[in-house]
Each structure stands twice: as C-alpha cells, then as structure tokens.
Colleague: 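Let me begin by handing over the structure; questions about it come next.
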Amino acid sequence: MTPITRMGRMAVRATCAALLFFLWPLSGRAKAVDLTQAGPSLDVLVGQSIVLEMSDDVSTVSIADPKVADAAVGSARTVVVNGKSAGVTSLVVWEEGGRHTLYRVTSSDANGSKQVLLQCKVAELNEQRLAEFGLDWIASGTSDRLEGTLSGGLFVTKVEQPRNPLPIGPTTDAFLNYQRADGSLRLLSTLRAMEQRGAARTLASPNLVALSGDSAAFLAGGEFPVPIANVTSTGVSVTIEWKEFGVRLKFVPTVLDSNRIRLYVAPEVSSPDNSRAVLLNGYIVPGITTRRVATTVEMKDGDVLVIGGVKQRDVNKITSKFPILGDIPLVSLLFKHSKTETVDRDLVIVVSPQIVRQLARTFPKNLPGEEREGGR
C-alpha cells in the first residue's frame, strides 16, 4: 500500500470539499424571494384595516416594513393588517405545523392623488396716525409810549399767514381774532390741529396648488447681499451670501376625506431695517424685521381661515420751535410746532383651501386685465 504524502492528503481534502458542495441539496440553500412573484396580494388603504382569515391556527406573523403596514394576530385563525403609509411590503404568516404563506401587501392612500388649491391673501392694515399741533399768530398794537405801532407774529405751522380777514380754509383747523374797543391792540391767530389715518394694502394674493401631503411655497420679494469672511492659510477671503426677504407663504395640505382638509400654513413677511444695520468687514448689512406665523388647522372644503393680530408699531416725532422761546414752559405752546407719526402695522392673512375636482382644460387667451386684440 503506497503511503500518502502530506501534499496528497491536502489534495484529497480539497476534492472532498468540492464534492460536498456540489452534492449539497438545493433545498438546503437560502433562496432570495422575489416580492413581485410572491403569493396572494393584499390591498389596504392608509388608516384602515383588513382581516385575513387562515385555514389553520396562526402561530406568528412578520412584516418586512412596519412603516408601510403592520400586522397582528387577531384571533386563533385571523390576522389583522393595518395600512400606515403608501408603499409595498411583504407579510409572512406561520400556521401551526410550520407551514407559512408569503403575501404581497400594497398600502395606498386614497386621498394621496388629490390636489388642493389654496387661495390666499396677505394684507397689511397700515393704521397710520398723524397728529399735528401748532399756533400761527400775528399781533399789532398802538401805544403812546412807543409813539407808533408795533406788529409781530410767528408762523410755526407754515400753513398760512394770519391776516384780515382770517384765511379760513381746508388747512386751518381753528382761529382766534381779538381787537380792543379803542383799536390800540389787535390779535389774529390760526390753529393747526390735525389727525390723519392710513388704510390697508394688499401685499400678495397668490393661488397655489399642491398634492395632498406635499408642500407648496411662494415668495414675493428680493434678496440682499451679506459678506462672509473666510479665513484660510493664504489670508482672508470674502464671499457673498444672499438673504431673502418679502412675503413668503408655505403650506402643506392633507386631504382626510372628501370634505375635510388638514392644513399647515406658515406665512411670513420680512423687510430690510436700516435702523438695525451692522458694519461687517467694511460693508453695511441691514437688519431684517420679520413677522412670522405658523399653525395647523382642520378645515372643511372651502372654509376660510383668517389670521390677524401680528402687529408692529413705529413712532416718529418731529418738533420745530423758535429758539429760546420754544423752551419756556407754557409760553412754548405759542412758539412750537410738533408732529407725531405713529404707524401701527397689522398683518392679516386670509386662506381658503379647496379640493381640486378638475383642472382647466383650455389655456386662457387673455389674462385678467389684458386687452384683447383689436381693442375688444
């Protein structure tokens, strides 16, 4: 009997391993399951459940993606499948005796294909109040001590010079005329006391359409540059970043059923504010005044949501006076003119979501306000 060398023993072992590999039953190998070729198919809507009845008692269940759907044993021979989000996953149900069944589960959102039209109007109630007060006067008198007539006056309101007859008109709010019986003294004066108010103006009025569960955004404004210093090994370089401002609107509609909509809406109004400007790397960068609101509500199709009360107040006071005399208490009322401007800005947002039943099928020939050809 010929002895087997060490190299021969190694070759025999390698040959045996190769034979074992090829002779290993195919049923013992792990198989990749193609979900598209899985057994029965189950369709479930998001937010709803279905009950799967089995022929034998159920021992356990397993679902591949619990974010799409989940499953639980309901009774001895039933399985409850719940739809959670749109997608496709697989479900395995084991019955007593070790037999299992693979299901293809499709979870779909019945409202996911619906679109929502958001009609929006962003307005600013500019409750501007302008208050003015000033007294223009002129006087003349005759005195034996002066052996003549002395006249003088002051016109701080710069409206109209008092004269005889008094210039009573749209710029005069009050007047005073005094004359002594002997004619030695005469006083003429006009009073400027005015109060004005502002009105409202529409900042933006967009109409946006978004898919249920998706978002839509709108911006009407601009951008301003902000220098950013970058320190490197070779020195300092300055790059420019652009900051947006204006009227911004973002909303996310979710259709709950044929008549209910859950709406997340976030309007924002911002503008550059030079009073809060900073000096950065030799550049003057303005600040930003921002008014922002965000809310989530549940509404019916066509309901109107009004958001208000977002106020901002600016007060400016201007005083013009006669030197020295305008600083004397009580007497200063005759030698001073003051103007106070108070601006109360109240932001009002009006939104109304509507489920889109059908979009327009024809392109408009003329936009609103656009003249037709031929002047018609």
Side-chain angles (χ1 to χ4, degrees), residues 33-95 100-120 207-218 249-267 293-307 349 351-359:
V33 178
D34 186 2
L35 186 59
T36 60
Q37 302 297 327
S41 296
L42 302 177
D43 296 325
V44 60
L45 296 177
V46 174
Q48 297 186 14
S49 304
I50 60 173
V51 177
L52 182 62
E53 296 184 354
M54 309 301 297
S55 57
D56 293 327
D57 291 348
V58 179
S59 59
T60 186
V61 295
S62 176
I63 198 157
D65 191 350
K67 295 182 179 180
V68 175
D70 61 11
V73 178
S75 63
R77 295 189 177 186
T78 60
V79 177
V80 180
V81 182
N82 306 312
K84 300 180 66 176
S85 63
V88 179
T89 186
S90 58
L91 169 66
V92 182
V93 179
W94 280 273
E95 300 175 76
H100 69 276
T101 307
L102 178 64
Y103 296 90
R104 172 188 172 92
V105 180
T106 302
S107 178
S108 59
D109 188 355
N111 298 316
S113 60
K114 293 185 178 180
Q115 300 183 99
V116 178
L117 167 66
L118 185 73
Q119 295 178 322
C120 179
N207 292 336
L208 303 176
V209 177
L211 197 65
S212 176
D214 208 342
S215 63
F218 169 84
L249 175 66
K250 179 181 179 181
F251 84 103
V252 180
T254 302
V255 179
L256 303 178
D257 54 35
S258 61
N259 195 39
R260 291 188 305 134
I261 304 170
R262 179 182 293 116
L263 179 65
Y264 168 79
V265 58
V293 179
T295 184
T296 301
V297 296
E298 187 173 310
M299 307 173 62
K300 291 184 178 180
D301 184 14
D303 282 355
V304 178
L305 172 66
V306 180
I307 304 174
I349 302 100
V351 294
S352 177
Q354 297 180 9
I355 300 176
V356 178
R357 311 297 179 184
Q358 183 177 357
L359 294 175

Colleague: So which pairs with a foot in residues 54-65 pass salt bridge (charged side-chain N to carboxylate O under 4.0 Å, His left out), sequence neighbours left out?
Modeller: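 Only Asp56-Arg99, Asp57-Arg77 qualify under salt bridge (charged side-chain N to carboxylate O under 4.0 Å, His left out).
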Colleague: Do any pairs count as a salt bridge (charged side-chain N to carboxylate O under 4.0 Å, His left out) and have a residue in residues 293-304, sequence neighbours left out, and if so which ones?
Modeller: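 Sorted pair list: Arg260-Glu298, Asp301-Arg357.
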Colleague: For Val46, what residues pass the side chain to side chain contact (heavy atoms under 4.5 Å, CB included) criterion, not counting sequence neighbours?
Modeller: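 Val46 satisfies side chain to side chain contact (heavy atoms under 4.5 Å, CB included) with Ser107, Asp109 only.
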Colleague: Walk me through whether Val68 and Val105 qualify under side chain to side chain contact (heavy atoms under 4.5 Å, CB included).
Modeller: CA-CA 9 Å; Val68 175; Val105 180; 5.8 Å; no
Colleague: Could you work out, with side chain to side chain contact (heavy atoms under 4.5 Å, CB included) as the rule, every residue matching Ser62, not counting sequence neighbours?
Modeller: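 Trp94.
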Colleague: List the atom of Cys120, the atom of Asn207, and the distance in Å for their closest heavy-atom pair.
Modeller: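 The answer is N-OD1, 4.0 Å.
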Colleague: How would you list, by chain and number, every residue that makes a side chain to side chain contact (heavy atoms under 4.5 Å, CB included) with Ser75, sequence neighbours excluded?
Modeller: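 Testing Ser75 for side chain to side chain contact (heavy atoms under 4.5 Å, CB included), a comparison that skips the adjacent residues, returns Thr78.
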Colleague: So which atom in Pro253 and which in Ile261 form the shortest heavy-atom distance, rounded to 0.1 Å?
Modeller: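 Closest pair (atom of Pro253, atom of Ile261, distance): CB-CG2, 4.2 Å.
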Colleague: If the condition is side-chain hydrogen bond (donor to acceptor under 3.5 Å, both in side chains), which residues does Asp70 pass it with, not counting sequence neighbours?
Modeller: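 Per chain and number, Asp70 pairs via side-chain hydrogen bond (donor to acceptor under 3.5 Å, both in side chains) with Asn82.
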Colleague: What side-chain donor-acceptor pairs closer than 3.5 Å can you find for residues 208-215, not counting sequence neighbours?
Modeller:
from   : atom 1 : to     : atom 2 : distance (Å)
Ser212 : OG     : Asn111 : O      : 3.4
Ser212 : OG     : Val255 : N      : 2.9

Colleague: For Gln119, which residues count as a side-chain hydrogen bond (donor to acceptor under 3.5 Å, both in side chains) partner, sequence neighbours excluded?
Modeller: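 If we apply the side-chain hydrogen bond (donor to acceptor under 3.5 Å, both in side chains) test to Gln119, skipping adjacent residues, the hits are Gln354.
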Colleague: Looking at Val116 and Pro353, what are the two nearest heavy atoms and their distance?
Modeller: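 Smallest heavy-atom distance, with atoms named: CG1-CB, 4.0 Å.
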Colleague: Which pair of non-hydrogen atoms, one from Ser85 and one from Lys67, has the smallest distance, and what is that distance?
Modeller: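 Minimum heavy-atom contact is OG-O, 2.6 Å.
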Colleague: Measure the shortest side-chain to side-chain distance between Val306 and Val304 over non-hydrogen atoms and say whether it is less than 4.5 angstrom.
Modeller: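 Side-chain contact under 4.5 Å: yes.
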Colleague: Going by the rule side chain to side chain contact (heavy atoms under 4.5 Å, CB included), which residues pair with Ala64 if we only count those two or more places apart in sequence or in a different chain?
Modeller: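 Applying side chain to side chain contact (heavy atoms under 4.5 Å, CB included) to Ala64 gives Thr89, Ser90.
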